[in-house]
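Here the structure is laid out as structure tokens; the discussion comes afterwards.
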Amino acid sequence: MNDEPTVKRPSRLALLRNWISLLGLGILLSSLFAFVLLFLLDSLAHFSNPYVGVLTYLVAPIFSVVGIGLGVVGMIWRRFQLARTVGAPPALQIDLTRARDRRIFGFFLVVGLLFLLLTAIGSYHSYHFTESTQFCGATCHTVMQPERTTYQHSPHARVACAECHIGRGASWYVRSKLSGAYQVYATLFDKYPRPVPTPIKNLRPAQETCEQCHWPAQFVGNLDRTFTHFLSDATNPVYSVRLLLKVGGADPTHGPVGGIHWHMNVGNTIEYYASDASRQKIPWVRVTDRTEGVVTEYHTPDFTNAPNPEAIRVMDCMDCHNRPAHVLRAPNDAVDLAMSLHDIDTSLPYIKTNAAFALVRPYTNLTEALEGIATFLDGKYPNDPRIRKTIPAVQQIYKDNFFPEMNARWQVYPDNVGHKDWPGCFRCHDGKHKTSDGKREVKADDCNACHIIVAQGNGPQLEQLDAHGQKFEHPGGDYDKGYLCNDCHTGGP
Ligand code: HEC
Ligand code: HEC
Ligand code: HEC
Ligand code: HEC
Ligand code: HEC
Ligand code: HEC
């Protein structure tokens, strides 16, 4: 006989009938709708807007997850409530011989597969999106503006930020997202350092980033580079120096090992200890020749103790090429370049000095700087029509290289290739790094060790090439050999 209670027990779907689950469902449906709409927008639009990306691949999925979570929490809560009043719903029984069960099962299968597909597309795009240059460079635009702007003018403008900053593989992806989470917090709550400090403490080693594209064993040989300067005189005289840089190579199977890329010799390891956070002071260097098993240590006279082993760094590409993507040009270099391109009128008396000076005056934001530059130069050349074209050129230099909101300018980002404005190569090649017995030193006094000067001066002088290398005719005159170039040259006026 049927002695079941007359009260009808609630169906499973009824568990959803509570305000928490309904809210969750609402959120889920609207986020799915938003995702599909934004996804179409992002795929079809010809422009790419980082905010559409953030909404599609980060915000919408977060809302979907919150929606599903709320739905489940609501159901559990409702189940609890019902169990206390009318008793729990019967245990789940699926019987595929029943047509109704088959229909329901089929429905869930289709919806489930659709949802999985959407999740797959979504997470694939989320992964790519969070690795994209838009996301890294444009989303937090004030913070990343210096790096992004300089990157766009660099030889790597078509290389994604993530190729150098994260590289391949899952573990660095996860690491970068963990530190990224902190960076998002720092950006939202305005807790980030200005300027963003350099060097980056835990940058991925060059073998796993740079060397994925640049074949380290490649033999480069000699590179011919001309540096053109304008001196700070009324007539802005030109001084150019044409160098043959002995870049050389690092792998005997591809060419002679030697020259500047000798440091990357496959058979050697060079390690160093820097006594400051910006790695500008290097009192200790060790070379290990792995084929011969010879170890040589060089140190400056005032550094006699052994460095802390944890602070020793293995030299890689980034110890010289530390600004491959983000050069904040020094005002002297930027003005020299604009003058050689005739963007700045070279016939204006003292324009080299004045333009450089206009750039380095203290400004608190971009608008103030652009106005300040115009007023300053107008004041120096009143009623001179030649200044009309020059002012925008100087303002453009400011926009590309100075970021007052981030306190970012050339002075806070040393460039380690070369030795004129920064110690660079002379951090080790300064004549002070010797072995303890004083018998060997890191090459320094020979100006022809790394390059030869094939021509210098201006006009016809530049056509008299000298294969042996000329003696450097310093435009600033003779100076005491105890000085390093960057004791006088700072990049500014
Ligand atoms: C060719 C490789 C490369 C690319 C591409 C690249 N960077 Fe860098 N980035 C570097 C190197 C190298 C450093 C300096 C590392 C060091 O000295 O420790 C650096 C430094 C930085 C720093 C630290 C502050 C500073 O200026 O030193 C930030 C922030 C940064 N990059 C952001 C970006 C962003 C955003 C992008 C994409 C728009 C990007 N980078 C693209 C190589 C790259
Ligand atoms: C995704 C590939 C890729 C990665 C990763 C990469 N580069 Fe490059 N690099 C390039 C390309 C492409 C060029 C431009 C070559 C050209 O135009 O001749 C270039 C050019 C250069 C140049 C010559 C620049 C000049 O002034 O002509 C240097 C130096 C350099 N890269 C160093 C680095 C360093 C250091 C890293 C690691 C921080 C790095 N690259 C990472 C692709 C890459
Ligand atoms: C000791 C410093 C030093 C180290 C370490 C170093 N380089 Fe260089 N590299 C130079 C100098 C100097 C030049 C000459 C160009 C210049 O002055 O910008 C150069 C030139 C280059 C060029 C330009 C070649 C061309 O044809 O234009 C590339 C690419 C390059 N290096 C990649 C690398 C890579 C990749 C590594 C790491 C495996 C590396 N370098 C390590 C100093 C260094
Ligand atoms: C961290 C220290 C350090 C820095 C920075 C450094 N070097 Fe060196 N370099 C060395 C050491 C050590 C040697 C080998 C000295 C020896 O044992 O003969 C060397 C050797 C050389 C050689 C001679 C290679 C040969 O054929 O014997 C050249 C050329 C050279 N460096 C160029 C440069 C240039 C250019 C730069 C800057 C872009 C630079 N170095 C930066 C430490 C450094
Ligand atoms: C350890 C290697 C090394 C030694 C030693 C060296 N140089 Fe250089 N020098 C370089 C490199 C590398 C550059 C190229 C920098 C660049 O690409 O921006 C350079 C650039 C220069 C320039 C052009 C700078 C500019 O901006 O116009 C001059 C001039 C110069 N060196 C003179 C000298 C003189 C003089 C000596 C001897 C006292 C000397 N160098 C010794 C590596 C060296
Ligand atoms: C005692 C200070 C001092 C030292 C040290 C010094 N210079 Fe200069 N240098 C000057 C002065 C002053 C000028 C003239 C600047 C002008 O007229 O604009 C100058 C001009 C130059 C110029 C042309 C103009 C410019 O600003 O680029 C170059 C290139 C140069 N020096 C390279 C070097 C190199 C390379 C070294 C190291 C090997 C060096 N200088 C060491 C003071 C110095």
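The shown structure was predicted, so the numbers you read here are calculated from the model rather than taken from an experiment. Excluded from the calculations below are hydrogen atoms, water molecules and symmetry mates; all remaining heavy atoms, backbone and side chain alike, are included. Just so you know, ligand 1 is whichever comes first in the structure, and atom 1 is the first atom listed for that ligand.
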**OP:** For residues 366-378, pull every pair meeting side-chain hydrogen bond (donor to acceptor under 3.5 Å, both in side chains), keeping only residues two or more places apart or in separate chains.
**Re:** Thr364-Glu368, Asp378-Arg388
**OP:** Under the side chain to side chain contact (heavy atoms under 4.5 Å, CB included) rule, collect the residues that match up with Asn305, sequence neighbours excluded.
**Re:**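 For Asn305, the residues satisfying side chain to side chain contact (heavy atoms under 4.5 Å, CB included) (neighbours in sequence not counted) are Phe303.
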Original post:
Looking at atom 8 (Fe) of ligand 4, is one of the N, O or S atoms of Cys428 less than 2.8 Å from it?
Top reply: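 No, outside the cut-off.
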**OP:** Look up atom 28 (C) of ligand 5 and tell me if a protein heavy atom lies less than 4.0 Å from it?
**Re:** no
Subject >> Pair listing, ring-ring contact (aromatic ring centres under 6.0 Å, His included) test, anchored in residues 426-449, at least two apart >> reply: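 Sorted result for residues 426-449: His419-Phe426.
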Original post:
Which count of protein N, O or S atoms is obtained for distances strictly below 2.8 Å from atom 8 (Fe) of ligand 5?
Top reply: 2
Subject >> Donor + acceptor pair across side chains of Tyr272, Asp319 (<3.5 Å) >> reply: yes
Original post:
With a cut-off of 4.0 Å, which atoms of ligand 6 are near a heavy atom of Leu484?
Top reply: 5 (C)
Original post:
Just distances here: any N/O of His229 and N/O of ligand 5 closer than 3.5 Å?
Top reply: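 N/O-N/O distance under 3.5 Å: yes.
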Original post:
Is ligand 4 under 4.0 Å from a heavy atom in the side chain of His433, in the backbone, in both, or in neither?
Top reply: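 Neither part.
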**OP:** Would you check whether Asn332 has a nitrogen or oxygen atom less than 3.5 angstrom from a nitrogen or oxygen atom of ligand 6?
**Re:** no
Original post:
What residue and heavy atom of the protein are closest to atom 12 (C) of ligand 5, and at what distance?
Top reply: Leu245 CD2, 3.8 Å
